[in-house]
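Per chain, numbering begins at 1; letters A, B, ... match sequence-line order.
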There are 2 protein chains.
Amino acid sequence: MRVLIVEDDETLADGLSVGLRLQGFTPELVTCCADAREALAQGGFSAVVLDLMLPDGSGLDLLAGLRAGGDRLPVLLLTALDQVRDRIGGLDAGADDYLGKPFDLGEVSARLRAIIRRAEGRASALLEWNGLRLDPSRMSGEMEGRELRFSRREFSVLRALIETPGVIVEKDRLEERLYGWQEGVESNAVEVHVHKLRGKLGAGFIETVRGVGYRLAEPRP
Amino acid sequence: MRVLIVEDDETLADGLSVGLRLQGFTPELVTCCADAREALAQGGFSAVVLDLMLPDGSGLDLLAGLRAGGDRLPVLLLTALDQVRDRIGGLDAGADDYLGKPFDLGEVSARLRAIIRRAEGRASALLEWNGLRLDPSRMSGEMEGRELRFSRREFSVLRALIETPGVIVEKDRLEERLYGWQEGVESNAVEVHVHKLRGKLGAGFIETVRGVGYRLAEPRP
DNA sequence: GAGGCGCGATGCGGGTTCTGATCGTGGAAG
DNA sequence: CTTCCACGATCAGAACCCGCATCGCGCCTC
């Protein structure tokens, strides 16, 4: 997940960058509004971590410009200014969030995930592969005219697989998806869910790659 | 999009102003009816956010005057909680929607967008799904010819669901809707309201998605 | 003071998920 | 080709969590 970090304090920027990378994000770093605009214009980001105080202007202006242009990209604001936080506090937009310095890295990534998830719910893009269509906002799927229902865990696994169809997803990564990269399970829970999914999707839809993980099968020509 | 905010509480006005700017609006701020009339006379606004209690009169009078003059400008009414009941009749005086304090900024901008779209003729004023029609300005609904009345909380929940029919709304989200941005208290209030709603709408209208939230059921063919 | 509403608490019921055991299988080594 | 081992598949039960239906209390409105 690519995340744009807009932060001019070098120490902070480095910390954020390393921290977010450890959490599975792919951070990209810019240090001023101008560079940020340029990067955003290229697209491909899932979210922005934005400092308020920047050398060439306020992050608020950057954000306002973004919104005025109709861009709904999730934005996490970093602010050292308590009064600003107070002014805005509690009135923050549903899609965005604010964090006052100093902050803890765990919280940054947690909130990032939260706002990204929300934004995805808004977009409600259909995921599709090999005759299966998934609707994340409904946690349901459709295959050959039949509607498929999934439990939360089942859906998480399937979604992780269908986001990169055909690509192998390591079992560890799937576990992360389910349990949030903090505590793993000590059992074959993932396998169980895969098994249930196979029951619903038919054998052969999910392939096993021994010793590595799972992937969705390529369509039969 | 220029929006006129008529609000005398400074904290609130600031918050609104900053928040709406973040959402891509161009807010303008006045603190009393007189200034509001002056600003409106100049035109160029897409909507008005209007507080009821103002130093030099009620926002209702302002609104009435506006409508009497034939102005159809979309108006979003802000009301303190305890005023809702008293003043709700005034919504028939021409407000397009209302919002009780405390409110969440995301909701303010969402509703602003909605009433602006509506004014441009691109959306209907009524929320409708599967035989149920909701009238936000009356907090009432209609189903199979019967009129349904809802309490404020019930209506909030139902409205949140019907705004994205068929889509799962997380319970956290529903709680946010009920309590504003505050930390959700430990309670099953949402469940209770859903229960009451089911009593009025019939079982099966609202579906439970275990571990996630609720959604309105798809119409049965 | 009656009634409606909102909130919190409770116990029950049932789905979901985890766990551990066992069985099946692929693949490399011999 | 056979054997063996490690990993995955399958299964059933247990544990857990969640949601449901109530109830009572407090508050506000009538």
Examine [N]: is either OP1 or OP2 under 4.0 Å from a nitrogen or oxygen in the side chain of [X]? Give yes or no.
X      : N      : answer
A:Y179 : C:dC18 : yes
A:R152 : C:dG15 : no
B:Y214 : D:dC20 : yes
B:H193 : C:dC7  : yes
B:S151 : C:dG6  : yes
A:T208 : D:dA9  : yes
A:K196 : D:dA9  : no

How many whole angstroms separate atom [atom1] of [X] from atom [atom2] of [N]?
X      : N      : atom1 : atom2 : answer
A:L174 : D:dG8  : CG    : C1'   : 14 Å
B:R153 : C:dG4  : CZ    : P     : 19 Å
A:E175 : D:dG8  : CD    : P     : 11 Å
A:I168 : D:dG8  : CD1   : P     : 12 Å
B:H195 : C:dC12 : NE2   : P     : 18 Å
A:F155 : C:dT17 : CZ    : P     : 13 Å
A:E170 : D:dC7  : CD    : P     : 16 Å
B:N188 : D:dT22 : CG    : P     : 14 Å

(request) May I ask you to decide whether A:R159 forms a salt bridge with A:E154, counting only side-chain N to carboxylate O separations under 4.0 Å? (result) no
(message) Which heavy atom of B:F25 sits nearest to which heavy atom of B:S109, and what is that distance?
(response) CE1-CB, 3.7 Å
(message) Which heavy atom of A:T208 sits nearest to which heavy atom of A:Y214, and what is that distance?
(response) OG1-CE2, 3.5 Å
Would you classify [X] as touching base, sugar-phosphate or nothing, given that sugar-phosphate means primed atoms plus P, OP1 and OP2, and contacts are heavy atoms under 4.0 Å?
X      : value
B:R210 : base
B:R198 : sugar-phosphate
B:V194 : nothing

(request) Evaluate the side-chain proximity of B:E7 to B:T31: yes if any heavy-atom separation is below 4.5 Å, no if none is. (result) no
(request) With the side chain counted from C-beta on, respond yes when B:V167 and A:R138 share a heavy-atom pair under 4.5 Å apart, and no when they do not. (result) yes
(message) Using the side-chain heavy atoms of B:E191, tell me which of these nucleotides is nearest: C:dT19, D:dG8, D:dC20.
(response) D:dC20
